[in-house]
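Notes follow once the structure below has been shown.
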Amino acid sequence: MPKKHSNLSAYAIASQFAYAILSPLIVFIVGGYYASKHFEWPDWAMGLCVGLGIFFMLCGGISQLTKIMRIYGKDNEKAPKSYNSREDNDYYDNYK
């Protein structure tokens, strides 16, 4: 975890992740139920609303996961230098 982030920020990011997953699902299910009862839509419309809720739930979850990986996946260390030479391989040690 980077030094600038505390444990409280980890809880905040976890709650944002939960919100990004649950809110589209709840909105589409409740909205679909209300619309199907109020406007007397057919039963397949409720299934469509649930499907859209699951789709937007997955999109929001993937978006939040990529955001979390960008924040917490950074390394502060530089990559080690590599020196490649044909003589470094074991093949050339046995055959001259």
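- Leu22 CG to Ser15 OG: the interatomic distance, rounded to the nearest 0.5 Å, is 11.5 Å.
- Summarising the geometry, atom CG belonging to Leu58 is positioned 12.5 Å from atom OG belonging to Ser63; distances are rounded to the nearest 0.5 Å.
- The same ILVMFWY cluster, assembled from side-chain heavy atoms under 4.5 Å apart, contains both Val50 and Met57.
- Nearest heavy-atom pair, Phe56 versus Pro24, reported as atom, atom and distance to 0.1 Å: CB-CB, 3.8 Å.
- Heavy atoms only, all atoms of each residue included: Cys49 and Gly32 are closest at SG-CA, 3.6 Å.
- If you run side chain to side chain contact (heavy atoms under 4.5 Å, CB included) between Lys37 and each of Tyr33, Tyr34, Trp41, only Tyr33 comes through.
- Side chain of Thr66 to backbone of Ile62: a donor-acceptor contact under 3.5 angstrom is found.
- Contact record, Ala20 with Gly60: CB-O, 4.0 Å, taken as the closest heavy-atom pair.
- To the nearest 0.5 Å, atoms CD1 (Ile21) and SG (Cys59) are separated by 12.0 Å.
- In this structure, Trp44 CH2 and Ser36 OG are separated by 11.5 Å, a value rounded to the nearest 0.5 Å.
- Between the CG atom of Leu65 and the CZ atom of Phe17 there is a distance of 4.0 Å, given to the nearest 0.5 Å.
- Between the CD1 atom of Ile29 and the CE atom of Met46 there is a distance of 6.0 Å, given to the nearest 0.5 Å.
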